[in-house]
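Working notes for the structure below.
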Amino acid sequence: MNVKILLRIASGLLIFHLVAHTLGHSGWKRAEEPLKQEIINKMVGHEFPFMGVNRSMGDYYEGYGYASTVALAFMAAVLWLISGAVNSNKELSHKILLSLSLALLFWGGIEFIYFFPFAASITLLACLLTLASAIQLRGNK
């Protein structure tokens, strides 16, 4: 498979991850289990001062979720953009793809440790496709 197709598939996987993450994260404050809802209420119900503002643990959790949405969108966009410009600057594309592969590897590892295997698998598959693209691009020089 050529580099452009591999990168577009990797971008599509991250877009899928982005949509699933955003949908899943949007309802985090509602839980069916009473104990889980009690914990959520405590997370959002108590604010404390930090760096000049008052925030709850729920605010931080929600903010990290939004930041992840932005990061996934950015990575998907970069992969898509590079897929269209890979022939115009192979050296820069190769460096960006290696960097992004490493970032996706760490992102997937964090997902395995702190979240769940399905999300991690999507990220790590995108990582492998990105790395394969970088290797194939290096071989085409």
Do L79 and L129 share a hydrophobic cluster (ILVMFWY, side-chain heavy atoms under 4.5 Å, transitive)? no
Calculate, to the nearest 0.5 Å, the distance between atoms CG and CG belonging to L6 and L128 respectively. 11.0 Å
Euclidean distance, L125 CG relative to L14 CG, rounded to 0.5 Å: 9.5 Å
Rounded to the nearest 0.5 Å, the CG atom of L97 sits from the CD1 atom of I135 at a distance of 10.5 Å
Give a yes or no on whether the backbone of L7 and the side-chain of S11 come within a donor-acceptor separation of less than 3.5 Å. no
H21 and L18, any side-chain heavy atoms less than 4.5 Å apart: no
Short side-chain to backbone donor-acceptor contact, S93 and K90, under 3.5 Å: no
Quick one: CD on E91 to CZ on R138, what's the gap to the nearest 0.5 Å? 5.0 Å
Value rounded to 0.5 Å, distance of CG in L131 from CG in L100: 10.5 Å
To the nearest 0.5 Å, what is the distance between SG (C127) and CG (L13)? 11.5 Å
When you measure from the side chain of S56 to the backbone N and O of E47, does any donor-acceptor pair fall under 3.5 Å? no
With a cut-off of 3.5 Å and sequence neighbours excluded, list every side-chain donor-acceptor pair involving residues 103-118.
from : atom 1 : to   : atom 2 : distance (Å)
W107 : NE1    : E111 : OE2    : 3.1
E111 : OE1    : T123 : OG1    : 2.6
E111 : OE2    : H17  : NE2    : 2.6

For Y60, does the OH atom have more than 12 heavy-atom neighbours from other residues, nucleotides or ligands under 6.0 Å away? yes
Hydrophobic clusters here meaning ILVMFWY residues chained together by side-chain heavy-atom distances under 4.5 Å, can you tell me if I122 and L72 are in one? no
Cluster question for you: counting only ILVMFWY and a side-chain heavy-atom cut-off of under 4.5 Å, with indirect links fine, are F74 and I82 together? yes
Please examine the side chains of R55 and F48, heavy atoms only from C-beta on, and report whether any two atoms are closer than 4.5 Å. no
V86 with L81, same ILVMFWY side-chain cluster at under 4.5 Å: no
Out of curiosity, does I39 fall in the hydrophobic cluster containing Y61 (side-chain heavy atoms, cut-off under 4.5 Å, transitive links)? yes
Ignoring hydrogens and angles, tell me if any N or O in the side chain of H46 forms a donor-acceptor pair with the backbone of M57 under 3.5 Å. no
Summary of side chain to side chain donor-acceptor pair (under 3.5 Å) pairs that have at least one residue in residues 23-34, sequence neighbours excluded: K29-E62
